[in-house]
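Report on the following structure.
So you know, we letter chains A, B, ... as the sequences are listed, proteins then strands, and number each from 1. Predicted, not measured: the structure shown is a model, and the values here were computed from it.
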Amino acid sequence: NAGVTQTPKFQVLKTGQSMTLQCAQDMNHEYMSWYRQDPGMGLRLIHYSVGAGITDQGEVPNGYNVSRSTTEDFPLRLLSAAPSQTSVYFCASSYSYNPGELFFGEGSRLTVL
Amino acid sequence: TQLLEQSPQFLSIQEGENLTVYCNSSSVFSSLQWYRQEPGEGPVLLVTVVTGGEVKKLKRLTFQFGDARKDSSLHITAAQPGDTGLYLCAGFFNDYKLSFGAGTTVTVRA
């Protein structure tokens, strides 16, 4: 019963460094998405994918890249980390969309110094 | 700019009291969801509403979707400490993008 697995759970970066947040799901869900959560702002959609090979931008895509080479994996890349990207990042997947139940990972807490 | 406005931002009540959380938008939702999040975890779906005027009940929780599909409310009857958490509304404005409100932090004191 793994569900949605995110790694790492915690990460500290210096400004300008790059890194990848990993997300994997074992529920054969076509829809996957990345959100960031900041105090007082709820969850904001970064990027999403409706299937392997298909990705699109959400509300706050700048500074982030994604790819979807398999149904299971949806990594989020920070190209050149900035302090404004300090946040908690959540990956989610869903069997269907509109409406569809999102299943979330436990989150990855990123601090950029 | 937040597409979904939630109120209040914080709510602290005594065990046994009732509470209502509101979710409003100037846009029409094709469907709306309520999630609950506990510290250190991801949100978990409570309910999905699709039809204007729809009312759904989940034990002591009652969810209402406005007739015009622009607003929703979550009412908890006889709140218990286990109801403590962050409540988030989320709306589908098109097929693929689910937008969240800022959330309401509910604290139920024993």
Side-chain angles (χ1 to χ4, degrees), chain A residues 2-7 9-10 21 23-25 27 29-51 54-61 66 68 74 87-109, chain B residues 1-10 21-25 27-52 54 56 58 63 65 69 72 85-106:
Chain A
V4 179
T5 303
Q6 291 184 232
T7 56
K9 285 187 169 38
F10 301 94
L21 297 177
C23 176
Q25 53 91 10
M27 297 174 282
H29 287 169
E30 291 293 332
Y31 183 87
M32 296 186 74
S33 54
W34 277 102
Y35 287 86
R36 59 176 290 173
Q37 186 172 34
D38 303 291
M41 301 192 73
L43 291 123
R44 290 182 290 169
L45 181 63
I46 304 172
H47 286 285
Y48 66 94
S49 168
V50 298
I54 306 169
T55 64
D56 205 348
Q57 297 181 351
E59 302 166 65
V60 288
V66 292
R68 184 95 180 270
F74 191 43
S87 186
V88 181
Y89 291 85
F90 286 96
C91 178
S93 73
S94 174
Y95 176 74
S96 62
Y97 36 84
N98 197 14
E101 177 179 2
L102 285 187
F103 291 85
F104 285 84
E106 292 185 338
S108 298
R109 183 176 293 275
Chain B
T1 304
Q2 210 85 37
L3 291 173
L4 294 166
E5 298 292 333
Q6 277 189 246
S7 61
Q9 188 176 358
F10 299 97
V21 177
Y22 298 94
C23 177
N24 295 284
S25 175
S27 302
V28 175
F29 313 136
S30 56
S31 62
L32 186 137
Q33 298 179 324
W34 285 91
Y35 287 79
R36 180 166 166 262
Q37 184 180 18
E38 299 197 25
E41 299 182 5
V44 175
L45 180 68
L46 295 173
V47 76
T48 299
V49 286
V50 178
T51 305
E54 186 175 1
K56 281 192 173 179
L58 187 67
F63 303 87
F65 199 16
R69 292 188 291 140
S72 181
L86 177 66
Y87 289 83
L88 296 154
C89 68
F92 279 97
F93 292 95
N94 62 28
D95 279 345
Y96 309 121
K97 295 184 180 179
L98 183 63
S99 293
F100 282 81
T104 296
T105 300
V106 172

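In terms of non-hydrogen atom pairs under 4.5 Å with chain A, the most contact-rich of B:S30, B:G103, B:G91 is B:S30. Each of B:G40, B:A90, B:P43, B:S31 has some count of heavy-atom pairs under 4.5 Å with chain A, and the biggest count is that of B:P43. Contacts with chain B were tallied for A:G105, A:G100, A:S33; A:G100 has the most, counting heavy-atom pairs under 4.5 Å. Between chain B and the options A:L102, A:L45, A:V50, heavy-atom pairs under 4.5 Å are most frequent for A:L102.
With a 4.5 Å cut-off on non-hydrogen atoms, B:Q6 does not touch chain A at all. Heavy-atom distances place the backbone of B:E41, and not its side chain, under 4.5 Å from chain A. For B:L86, the part sitting under 4.5 Å from any heavy atom of chain A is the side chain, from C-beta outward, and nothing else. For A:Q37, the part lying near chain B is the side chain, with the backbone staying farther off; criterion is any non-hydrogen pair under 4.5 Å. For a residue to count as touching a neighbouring chain, one of its non-hydrogen atoms must lie under 4.5 Å from one of that chain's; by this rule A:F103 does not touch chain B. With a 4.5 angstrom heavy-atom cutoff, B:T48 touches chain A only via side-chain atoms.
A salt bridge links A:R44 to A:D38: one of the charged nitrogens lies within less than 4.0 Å of a carboxylate oxygen.
No side-chain donor from either of B:Y35 and B:Q37 sits under 3.5 Å from a side-chain acceptor of the other.
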**Message:** Between A:F104 and A:L43, does the side-chain contact (heavy atoms from CB on, under 4.5 Å) criterion hold? Intermediate values first, please.
**Reply:** CA-CA 12 Å; A:F104 285 84; A:L43 291 123; 4.3 Å; yes

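Residues A:T7 and A:S108 form no side-chain contact, since every pair of their non-hydrogen atoms from C-beta on lies 4.5 Å or further apart. Residues A:M27 and A:V4 form a side-chain contact, since some pair of their non-hydrogen atoms from C-beta on lies under 4.5 Å apart. With a 4.5 Å cut-off on side-chain heavy atoms, B:L4 and B:F100 do not count as touching.
Of all the heavy atoms in B:G101 and B:L88, the pair that sits closest is O-CD2, 3.6 Å.
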